[in-house]
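Following: one structure in structure tokens, then a few remarks.
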Amino acid sequence: AARTNTVVVATWNVENLFDSSDDPENAGDDEFTPRGKMYWSYPRYRQKLTNLAEVVAAMQPDILCLQEVENRRVLSDLAFVTEHAFGWQLPVIVHREGGDMRGIDVAILSRHEPSQVAWLSSGFGRRDQLVAAFDIGGRELTVFCNHWKSWSGDIAENTRTRTREARALAREVRRRLKAAPAAALLATGDFNDQVDSDILTKEAGFVLWPSAATPDLRKALLFNLSGLLPADARGTYYYSKNRVWNTFDSMSVSSGMLPGAAEPAPWQAATNTYGRFIGDTQTNAAGWPLSYWRALRTETGRRKVGVSDHFPVRVELRPAGAAAPVPPPDDTTPSWGTRLWRQVRRVFP
């Protein structure tokens, strides 16, 4: 049974999760076929699923927001491998075919059925924004899953596109907060912009929290939990060409979800639970996210195949007034004892 006293929400850009079949209606998948540029065979697809599923099961999310998935089939396959190979169930799929030119969508895998689903659009050829409301143990939580325009191509046009996407999300957040000021709203995903950028802070209204640089927090729509982390623990994507970390993936919550809120929302972010999730299969020797396309040789000579070029981000939510939880996994490789305990919990949940 799904948990109702704790809800773990995670987000992850899984980097081009395409199946190996050619979809004639999706020109974006042509390179991800056995004869395409990536020589994307079924065994390679199956290995990527296994690598992703191992990390998903270790995170144990109740709601998993995903970016860069091709279709419903890859979601079904990922859920199947996560359950049958690693023992973590995510039976609910929230997805629709979008109009993105690359043929990739946003989606949610979940242990809870949503009570309401909506889709926001910011223009032709762009990825949809997914809005899913959940009633968990009589407490409502609304999750926004995003994947905004990247920096590839014309920078000015890309900036305008992300601005439109930010404004579309801000309008929906305002509408929901006007109807229910104490609502539990959580916006997450790959925003392709830094957490302190004008697009996130001014256009979307996501203010870093806590932040001494913001004189009037009442103007904020949502509060970005990345402010809780040291600057060197925020990076989720490493751009090797410029040797710089980017904080593209983050979570922002409504004011009632902040710890110690005067008017608490039904769900609150548990103290010391927000951050990147990084296991030993996800990084190269330098600690950067190891893309599936960039295999490495280990010290023993074995070939190490990566997972994704982004780190996932994770937070634990507790009902308002609940006791403080134990600290979550940090940014280090879990100890052997922790890994053993996770295996035991998979067999005896």
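All values derive from a computational prediction rather than experimental measurement. Residue numbers start at 1 and run along the sequence shown.
A salt bridge between Arg160 and Glu157 is present, with a side-chain N of the basic residue lying under 4.0 Å from a carboxylate O of the acidic one.
Considering every non-hydrogen atom in both Ser250 and Asn224, the closest pair reads OG-ND2, 3.4 Å. Taking every heavy atom of both residues into account, Arg126 and Glu165 meet most closely at NH2-OE2, 3.3 Å.
Under the 30°/60° scheme for interplanar angles, the aromatic rings of Phe191 and Trp148 are found to stand perpendicular. By the 30° and 60° cut-offs, the orientation of the rings of Trp40 relative to Tyr45 is perpendicular. By the 30° and 60° cut-offs, the orientation of the rings of Phe134 relative to His112 is perpendicular.
Not a single salt bridge (charged side-chain N to carboxylate O under 4.0 Å, His left out) links Asp22 to another residue, sequence neighbours left out. With sequence neighbours excluded, the residues satisfying side chain to side chain donor-acceptor pair (under 3.5 Å) with Ser150 are Ser152. Checked against salt bridge (charged side-chain N to carboxylate O under 4.0 Å, His left out), Asp29 has no partners two or more places apart in sequence or in another chain. Every residue was checked against the salt bridge (charged side-chain N to carboxylate O under 4.0 Å, His left out) condition with Asp196, not counting sequence neighbours, and none meets it. The salt bridge (charged side-chain N to carboxylate O under 4.0 Å, His left out) search around Arg167 returns Glu203, not counting sequence neighbours. For Asn51, the side-chain contact (heavy atoms from CB on, under 4.5 Å) test picks out Gln47, Tyr292, Val305, Val307, with sequence neighbours left out.
Judged by distance alone, with hydrogens and angles left aside, the side-chain atoms of Thr236 form a donor-acceptor pair with the main-chain N or O of Asp249 at under 3.5 Å. The closest donor-acceptor contact from the side chain of Asn284 to the backbone of Trp288 lies under 3.5 Å. Remark: side-chain polar atoms of Arg234 are paired, donor with acceptor, to backbone N or O of Leu229 under 3.5 angstrom. For the pair Glu140 (side chain) and Ala133 (backbone), a donor-acceptor distance under 3.5 Å is absent. No donor-acceptor pair closer than 3.5 Å links the side chain of Arg127 to the backbone N or O of Ile104. In this structure, Gln60 contributes its side chain and Val8 its backbone to no donor-acceptor pair below 3.5 Å. Remark: the backbone N or O of Val92 is not paired with any side-chain donor or acceptor of Ser110 at under 3.5 angstrom. Within the 3.5 Å criterion, the main-chain N or O of Tyr238 finds no donor-acceptor partner in the side chain of Asn246. Remark: the backbone N or O of Pro61 is paired with a side-chain donor or acceptor of Trp88 at under 3.5 angstrom. When atom types are taken as modelled, the side chain of Arg44 and the backbone of Met38 share a donor-acceptor pair closer than 3.5 angstrom.
Hydrophobic clustering (side-chain heavy atoms under 4.5 Å, transitive across Ile, Leu, Val, Met, Phe, Trp, Tyr) keeps Phe248 apart from Trp245. Under the 4.5 Å side-chain contact rule for hydrophobic residues, Met251 and Val94 share a cluster.
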